[in-house]
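Read the structure below first, then the notes.
As a basis for the values below, the full set of heavy atoms in this structure was taken, side chains included, without hydrogen atoms, waters or symmetry mates.
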Amino acid sequence: MTTLKELKKLFFSLKIRRKKSERNNNTTTIHLHGSNGFYIGLKLILWRKRRRVFSFISAISGCLLLLLLSSVYFPPPTANNLFLPRHSSVRHVVKGREALEYNFEAMFQVPASGGNLGRDLWSWSQSTFYYGCSNASKTFQTADIKTLPDRYLLIATSGGLNQQRRGIIDAVVAAYILNATLVIPRLDQQSYWKDTSCFAEIFDVNWFISYLSRDVEIIKELPPKGGKAWIPRTIRVPRKCDPTCYETRVLPVLNRTQAVELTKFDYRLSNRLDTELQKLRCRVNYHALRFTDPILKMGKLLVERMKMKAKHFIALHLRFEPDMLAFSGCYYGGGDKERAELGAIRKRWKTLHASNPEKVRRNGKCPLTPEEVGLMLRALGFGSDVHVYVASGDVYGGEESLAPLKGLFPNFHSKQTIATKEELAQFSSFSGRMAALDYIVCDETDVFVANNNGNMARMLAGRRRYFGHKPAIRPNAKKLYKLFLGRNNMTWEEFSSRVRTYQIGFMGEPNEMKPGKGEFHENPDSCLCQAKGIETFEEKNRKDAVKMSDEYQSIEDPDWIDVDYLYKIEEFMSD
């Protein structure tokens with residue numbers, strides 16, 4: 001059958017021939033009439049073909065128009081919140097936020113089970129091949145040789161418990177660098193937390209002095225001078241001051257005055273030091289700093305009660321308190337009420353510039369919401385039967401904010417639920433002592449989960465590496481942010497698979513971070529040793545995973561809080 005295209009070609013050919021014939025006048029009238037008749041016939045055939053095509057196009061257009069009208073007047077069921085649990089019909093993520101209806105008929109739901117991922121959720125198979133090693137070498141000078149007489153270093157720490165812990169650790173190292181006797185550091189009693197506790201009320205001061213006696217000479221108070229009390233010279237060293245910096249800035253003053261107090265002592269010592277000084281940091285952090293007996297006793301009681309409830313449990317440092325959200329400049333959808341409440345708190349830090357909440361969250365510097373933390377844990381394989389201990393202050397939004405997390409993990413515990421008010425009475429008025437209890441539980445748990453990369457998260461991540469590489473999970477917030485935005489457009493299987501991929505390098509596994517990578521208290525590589533000659537098949541297979549981890553770490557800000565903020569704001573700490 002002749003196609004429409006072929007007929008068009010024939011029609012065009014005859015048209016050209018006709019015009020040529022007319023110009024040359026070489027054809028007869030009979031021939032011309034014959035050509036005209038044939039020409040008219042072809043036009044009739046083409047007209048019929050075009051009519052059929054036009055009818056077909058009209059039919060298709062009509063169908064499309066009907067579909068458009070039906071979508072306008074009969075919209076499909078909502079596709080929002082496909083991953084929310086079925087136990088409730090309405091939720092408020094943050095107090096004051098508009099209610100979001102659950103879609104009970106949605107195809108995709110969060111499974112109650114974490115699934116079978118083919119691995120142990122509670123430990124790493126390679127962890128037994130690594131151990132903490134912080135003993136001084138034979139070349140390390142001891143305190144009796146190194147310490148000079150009449151040279152005293154005093155320290156005034158800054159921030160909350162774990163930021164002050166950093167300051168205490170670095171104070172010992174600074175005293176060693178300066179050949180000075182260290183006076184027990186003075187804790188911060190003026191910052192946001194208003195905790196009046198002194199060093200001896202949180203840490204075992206006698207143990208601290210005794211354990212470090214070979215490294216640095218330490219005394220409880222500055223001795224009188226000429227039978228009278230004397231006031232030391234106060235100075236402040238720059239951030240990340242290295243040993244040469246201390247010898248240049250502090251030592252001349254110390255030689256003249258014999259006693260110097262370093263104020264606002266946080267982040268005042270370089271992250272990178274030689275191996276012997278890093279090992280000294282580890283001896284202070286992991287061995288010398290021990291909590292007082294009342295804190296240890298209560299902390300161990302909390303751990304025992306959690307272990308009575310389940311063989312394994314998760315400790316979650318939720319860090320979703322109002323001060324954290326205000327400082328970060330993040331926004332969680334609570335409307336004008338949230339902006340007003342957090343904005344008022346944010347004004348306490350006068351040097352903070354106006355924030356761009358979308359940019360801050362996009363860069364991975366916002367804590368996940370309690371619901372997002374729960375979804376991440378479920379995707380990593382933790383089912384609804386897992387017991388969760390939450391180390392947190394007053395969560396912004398209260399029970400309404402916690403509801404989605406409790407829906408995913410109903411076995412939900414805290415200090416207040418597993419201990420009586422009477423048991424907590426001696427600690428409850430002191431934020432530092434309450435934080436110490438949480439620190440103990442988070443250290444002893446099978447799996448520790450941090451919702452930011454602040455001081456407590458880093459301290460515990462490093463400690464858990466040092467004492468057996470116990471799992472310590474930190475959200476890859478920069479990657480997860482994009483995933484949470486698009487979660488309603490994918491299946492649960494795809495969502496959970498991506499979570500597991502993005503979390504490579506953020507789980508606390510052995511060899512997860514290269515030596516020298518990140519902050520030392522999080523990755524104390526100088527104090528981690530590996531059994532000689534041990535390299536298993538599984539460890540070889542992890543090389544690609546480590547490479548992927550390094551890629552994520554290189555684009556991820558090493559701290560969820562912008563470092564410039566920490567340098568400008570002296571009174572804030574991210575415990």
_Parallel, tilted or perpendicular: ring planes of His387 versus His413, cut at 30 and 60 degrees_ = parallel
*According to the interplanar angle, ranging from 0 to 90°, do the rings of His287 and Tyr211 count as parallel (below 30°), tilted (30 to 60°) or perpendicular (above 60°)?*
parallel
Side-chain ([X]) to main-chain ([Y]) donor-acceptor, under 3.5 angstrom:
X      : Y      : value
Lys194 : Gln190 : yes
Asn451 : Leu318 : yes
Lys470 : Arg463 : no
Glu201 : Cys198 : yes
Arg433 : Ile202 : no
Ser210 : Trp207 : no
Arg233 : Leu254 : no
Asn523 : Lys517 : yes
Arg268 : Val237 : yes
Trp230 : Pro223 : yes

_Residues that Cys442 engages under disulfide bond (SG atoms under 2.5 Å apart), provided they are two or more places apart_ = none
_Quick check on the 6.0 Å ring-centre criterion: do Phe208 and Phe203 meet it?_
no
_With a 6.0 Å cut-off on the ring centroids, do His312 and Phe382 count as close?_
no
Residues in salt bridge (charged side-chain N to carboxylate O under 4.0 Å, His left out) contact with [X], at least two apart in sequence or another chain:
X      : result
Arg361 : Glu372
Arg272 : none
Lys146 : none

*Scan residues 204-269 for pairs that pass disulfide bond (SG atoms under 2.5 Å apart), counting only residues two or more places apart or in two chains.*
Cys241-Cys245
*Looking at Leu222, Ile168, Ile218, which hits side-chain contact (heavy atoms from CB on, under 4.5 Å) with Ile184?*
Ile218
_ring-ring contact (aromatic ring centres under 6.0 Å, His included) involving Phe430 - partner list, sequence neighbours excluded_ = none
*How would you list, by chain and number, every residue that makes a ring-ring contact (aromatic ring centres under 6.0 Å, His included) with Phe140, sequence neighbours excluded?*
Tyr176
*Considering residues at least two apart in sequence or located in another chain, which fulfil the side chain to side chain donor-acceptor pair (under 3.5 Å) criterion with Thr181?*
none
*Walk me through it: do Asn411 and Val388 pass the test side-chain contact (heavy atoms from CB on, under 4.5 Å)?*
CA-CA 6 Å; Asn411 297 309; Val388 177; over 6 Å; no
*When Gln164 is tested against each of Asp188, Asp195, Thr157 for side-chain hydrogen bond (donor to acceptor under 3.5 Å, both in side chains), which residue passes?*
Thr157
*Arg151 and Asn255: CA distance, side-chain angles, deciding distance, side chain to side chain donor-acceptor pair (under 3.5 Å) verdict*: CA-CA 7 Å; Arg151 186 180 286 187; Asn255 286 333; 2.6 Å; yes
At their closest point, which heavy atom of [X] faces which heavy atom of [Y], and how far apart are they?
X      : Y      : result
Tyr396 : Pro322 : CD1-CG, 4.0 Å
Pro294 : Gln426 : CB-OE1, 4.1 Å
Leu269 : Ile177 : CD1-CD1, 4.3 Å
Ala419 : Leu424 : CB-CG, 4.0 Å
Ser197 : Gln189 : O-NE2, 3.4 Å

*Do the charged groups of Asp242 and Lys240 touch, with an N to O distance under 4.0 Å?*
no
*Looking at Arg465 and Glu512, does any basic side-chain N land under 4.0 Å from a carboxylate oxygen?*
yes
*Is the SG-SG separation for the cysteine pair Cys133 and Cys529 below 2.5 Å?*
yes
Validation row: [X], [Y] side chains within 4.5 angstrom (heavy atoms):
X      : Y      : answer
Thr257 : Tyr152 : no
Phe320 : Ser392 : no
Pro185 : Phe265 : no
Val373 : Pro475 : no
Phe520 : Cys527 : yes
Thr445 : Arg464 : yes
Leu277 : Pro243 : yes
Leu121 : Val386 : no

_Asn162 and Tyr439: side chain donor to acceptor below 3.5 Å_ = no
*Establish, from distance only, whether the side-chain atoms of Asn363 and Tyr481 form a donor-acceptor pair under 3.5 Å.*
no
*Go through the steps for Ile418 and Lys309 under the test side-chain contact (heavy atoms from CB on, under 4.5 Å), then give the verdict.*
CA-CA 10 Å; Ile418 61 176; Lys309 296 179 180 297; 3.7 Å; yes
*Please name all residues satisfying side chain to side chain contact (heavy atoms under 4.5 Å, CB included) with Thr234, sequence neighbours left out, ordered by chain then number.*
Glu261, Thr263
*Start with the C-alpha distance between Met306 and Val303, add both sets of side-chain angles, then the distance that settles side-chain contact (heavy atoms from CB on, under 4.5 Å), and finish with yes or no.*
CA-CA 5 Å; Met306 285 301 301; Val303 173; 5.8 Å; no
Under the salt bridge (Lys or Arg N to Asp or Glu O under 4.0 Å) definition, can you give me all pairs with a residue in [range], not counting sequence neighbours?
range            : value
residues 162-184 : Arg166-Glu519, Asp170-Arg281
residues 418-429 : Arg305-Glu423
residues 203-228 : Asp204-Arg290, Asp215-Arg283

*Count the heavy atoms belonging to other residues, nucleotides or ligands that lie under 6.0 Å from CG of Asp144, then report whether that count exceeds 12.*
yes
*asked:* Are there over 12 heavy-atom neighbours, none belonging to Ile145, within less than 6.0 Å of that residue's CD1?
replied: yes
*Could you walk me through whether Asp266 and Arg239 pass salt bridge (Lys or Arg N to Asp or Glu O under 4.0 Å), step by step?*
CA-CA 8 Å; Asp266 53 357; Arg239 302 279 182 165; 3.3 Å; yes
